[in-house]
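Computation of the quantities below employed the complete heavy-atom set of this structure, encompassing side-chain atoms and omitting hydrogens, waters and symmetry-equivalent molecules.
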Amino acid sequence: MFWRKKREQKTAKERNRYDVDEYLDEKVSLFNVKRVLGYLIKAQGHLKLSLIFSILSSIASLVGPLFIKTALDEAVPNKDVKQLFMMGVYLTASIIISVALSTIRNILVAKAGAGIIHDIRQDLFAHLQKLSFNFFDSRPHGKIFVRVVPYVNSVSDALSNGIINFVIEVLNIFFIIFFMYQVDPHLATVTVIGLPLLALFIWTIKPAQRRAWQAVSNKGANLNAYVQESIDGVRVTQAFDRQKTNLDIMSNLTEERNHAWMKAIYISNTVWFSTESISQLVWSFVYIMGVYWMNPMASFGMLLVMGNYAWRFWQPIINLANIYNTFITAMAYLDRIFDTIAEPITIQDVPNATAFPFVRGHVEFKNVFFSYDGKRKILKNISFNAHPGQSIAIVGPTGAGKTTIVNLLSRFYNIEEGQILVDGQDIMKVTLHSLRSQMGIMLQDSFLFTGTIADNIRYGKLHATDEEIRATAKTLGANHFIEKLPQGYDTEITERGGGISSGERQLLAFTRTLISNPRILILDEATSSIDTSTEQLVQEGIRTLMKGRTSFIIAHRLSTIRNCTKILFISDGEIVESGTHEELMALKGRYYDLCLAQYKE
């Protein structure tokens, strides 16, 4: 698709920066317009009712000036008190009816808007949950977050109230024109004569206005990305005393955003100012023509009514100009939102994918090649077998491809060449749920969520009982520190596990992984943040839980890997050595050197 090709002109490296603007097409995408219409159709019940009430409210409001004209031109000159009183009653009734109908309409529009925003946010968040790691690796998370909350909130009014108001204001214009020509065709013609001039001006300024609000969107996303990055890295900032440098960067990003904002506001205000100026000129010409050019001169009642209608005619024009400004702003945000929803899901079930009924744990890599960017190969011709119940240790220097192997087994990425088989079935042809639900995966980043200790452990098994949670924690030795906390398993922890040590966070993540009772166990540096005394407790738990399960362990500590069934030494994306600890030590190769280095330490 055309927007996809242009967007891909930005490389992953360029997109993954807070100070690089994201690409957006200057023209409004018809694809995005169709998406908007799809959400409006879902809310059509409330929107149709609000449209009906709006029309009735507008008609009730427009009838009012006719009562004023009758009162001034007939009741007052004839001193007909009864007629004057009745006109006042009718005018009051028209105002009350108009306000009542308008109130009902506002409630319906609010409900429609809430439904639309709920649907957009749900679709966006659901899509984000399905995107591959590549998507999140290639852009700052702050630029993703801003689309889910602030941008969706920004388009709420435009997609609900704005759409209804647009239709109503257009109908109002036709209604007012009808009423004006019923009163006096000459003055009505003077009122509408400025409309083509305004339309030409708005059409001319539209491209510049859209570009300006896209720039605001870009600079706002950059600012949000840097703020989030700075908060996540605040400890590093303070450790290296970078506060002043970061403040200067923040100041520059804020200044760029403010400059873009003011430019967009100037352009938008130009539309408003032009509309106001033309309407005031037309309004003046109505009175001038009615007094000096018409023969006979228009009556006071007619002038008052036509002046009122002239004001009412240009008021929806002004409102349309404001709605137009809102739409232009909203489309800049909608482009971001729909661009994310249109992001292809690369990791998903293939058509007719089968489900694993029960994984025994036989894993086979056959001539697997992989690269993250399509250029530099991270894995080259990886082949090995792991039988049920075996433990496979994967060791090697940093960047050799160890974590990539387990990521591919979990299907966080798709392989480029070769096959990965589990129990003889290609994992590319089975459902993700049936594969991952039988895996226990603990990655290097021991991410914990806001909530209690028990809540975080239960993340691995949603229906786990308190007894199961305590038993799993005891198996791994995590119960020692948990029971010392003020509220034990009900102790609240903050985002990313604030309030407990890094080793304790890793123990909790380990417990969360193992409570799922996986058939295939993946531990990526599972004991890297655990002290030696704690590690002894964990090692016993690991040995217990490995029984009957196929386990993959990435670690640097010999105590974690020396008893594994097989050890794979990875270097530069290839398996250069394979065997037991004793076999590799006898070989006196790369693994032997690694062990000697650790013994010396």
Can you tell me how far apart [atom1] ([X]) and [atom2] ([Y]) are? Round to the nearest 0.5 Å.
{"X": "I522", "Y": "T403", "atom1": "CD1", "atom2": "OG1", "result": "10.5 Å"}
{"X": "I420", "Y": "I405", "atom1": "CD1", "atom2": "CD1", "result": "9.0 Å"}
{"X": "T465", "Y": "I515", "atom1": "OG1", "atom2": "CD1", "result": "7.5 Å"}
{"X": "L379", "Y": "E417", "atom1": "CG", "atom2": "CD", "result": "11.5 Å"}
{"X": "N252", "Y": "N222", "atom1": "CG", "atom2": "CG", "result": "12.5 Å"}
{"X": "L587", "Y": "F569", "atom1": "CG", "atom2": "CZ", "result": "11.5 Å"}

Do [X] side-chain atoms and [Y] backbone N/O form a donor-acceptor pair below 3.5 Å?
{"X": "K219", "Y": "T254", "value": "no"}
{"X": "R519", "Y": "V359", "value": "yes"}
{"X": "Q438", "Y": "S434", "value": "yes"}
{"X": "K566", "Y": "S578", "value": "no"}
{"X": "Q419", "Y": "N367", "value": "no"}
{"X": "D423", "Y": "R360", "value": "yes"}
{"X": "S516", "Y": "R512", "value": "no"}
{"X": "Q348", "Y": "I345", "value": "yes"}
{"X": "R562", "Y": "E582", "value": "no"}

Would you say [X] and [Y] make side-chain contact, with heavy atoms under 4.5 Å?
{"X": "F135", "Y": "T346", "answer": "no"}
{"X": "I567", "Y": "V395", "answer": "yes"}
{"X": "P388", "Y": "H362", "answer": "yes"}
{"X": "V363", "Y": "N385", "answer": "no"}
{"X": "L124", "Y": "V152", "answer": "yes"}
{"X": "N414", "Y": "M428", "answer": "yes"}
{"X": "R411", "Y": "I347", "answer": "yes"}
{"X": "L508", "Y": "F481", "answer": "yes"}

Determine whether N407 and F370 satisfy the following criterion, side chain to side chain contact (heavy atoms under 4.5 Å, CB included), listing intermediate values before the conclusion. CA-CA 11 Å; N407 281 342; F370 176 76; over 6 Å; no
Hey, mind stepping through Q122 and H118 against side chain to side chain contact (heavy atoms under 4.5 Å, CB included) and telling me if it holds? CA-CA 6 Å; Q122 283 291 103; H118 173 270; 3.6 Å; yes
With side chain to side chain contact (heavy atoms under 4.5 Å, CB included) as the test, pick out the partner of L521 among I553, T550, T513. T513
Scan T404, N381, I415 and name whichever one has a side chain to side chain contact (heavy atoms under 4.5 Å, CB included) with V368. I415
Would you name the heavy atoms of [X] and [Y] that are closest together and state the gap between them?
{"X": "I378", "Y": "G401", "result": "CG2-CA, 4.1 Å"}
{"X": "T340", "Y": "H127", "result": "O-CD2, 3.2 Å"}
{"X": "I427", "Y": "V430", "result": "O-CG2, 3.4 Å"}
{"X": "I392", "Y": "A386", "result": "CG1-CB, 3.7 Å"}
{"X": "M439", "Y": "L409", "result": "CE-O, 3.3 Å"}
{"X": "G488", "Y": "I453", "result": "O-CG1, 3.9 Å"}

Before you tell me yes or no, could you show the steps for K380 and D572 under salt bridge (Lys or Arg N to Asp or Glu O under 4.0 Å), namely the whole-Å CA-CA distance, both residues' side-chain angles and the distance that decides it to 0.1 Å? CA-CA 8 Å; K380 309 166 188 175; D572 195 27; 3.2 Å; yes
Who passes side chain to side chain contact (heavy atoms under 4.5 Å, CB included) against H433, sequence neighbours left out? S437
K474, NZ: over 12 other non-hydrogen atoms inside 6.0 angstrom: no
E416 atom CD, over 12 foreign heavy atoms within 6.0 Å: yes
Per the ring-ring contact (aromatic ring centres under 6.0 Å, His included) rule, what does the pair list look like for residues 457-479, sequence neighbours excluded? F449-Y459
May I have all residue pairs that pass side chain to side chain donor-acceptor pair (under 3.5 Å) and include part of residues 387-400, sequence neighbours excluded? S391-T565
Would you kindly say whether D123 and Y39 are connected by a side-chain donor-acceptor distance under 3.5 Å? yes
Check: F384 ring centre within less than 6.0 Å of F365 ring centre: yes
Would I570 and E574 count as a side chain to side chain contact (heavy atoms under 4.5 Å, CB included) if you check the C-alpha gap in whole Å, the side-chain angles of each, and the deciding distance to 0.1 Å? CA-CA 5 Å; I570 310 296; E574 297 179 277; over 6 Å; no
Could you check whether the rings of F412 and F133 sit parallel, tilted or perpendicular, using 30° and 60° as the cut-offs? parallel
Is the ring pair Y591/H581 parallel, tilted or perpendicular, if the boundaries are 30 and 60 degrees? perpendicular
Start with the C-alpha distance between D349 and K130, add both sets of side-chain angles, then the distance that settles salt bridge (Lys or Arg N to Asp or Glu O under 4.0 Å), and finish with yes or no. CA-CA 11 Å; D349 295 339; K130 300 174 184 176; over 6 Å; no
Pair E468, R458 - check salt bridge (Lys or Arg N to Asp or Glu O under 4.0 Å), show working. CA-CA 9 Å; E468 287 179 290; R458 195 173 277 114; over 6 Å; no
Show, in sequence, the C-alpha distance, side-chain angles and deciding distance for Q425 and T354, and conclude whether the side chain to side chain contact (heavy atoms under 4.5 Å, CB included) test is met. CA-CA 9 Å; Q425 296 191 64; T354 59; 3.4 Å; yes
Using the side chain to side chain donor-acceptor pair (under 3.5 Å) rule, take S410 and R436 through it: C-alpha gap first, then chi angles, then the decisive distance, then the call. CA-CA 7 Å; S410 309; R436 292 177 183 170; over 6 Å; no
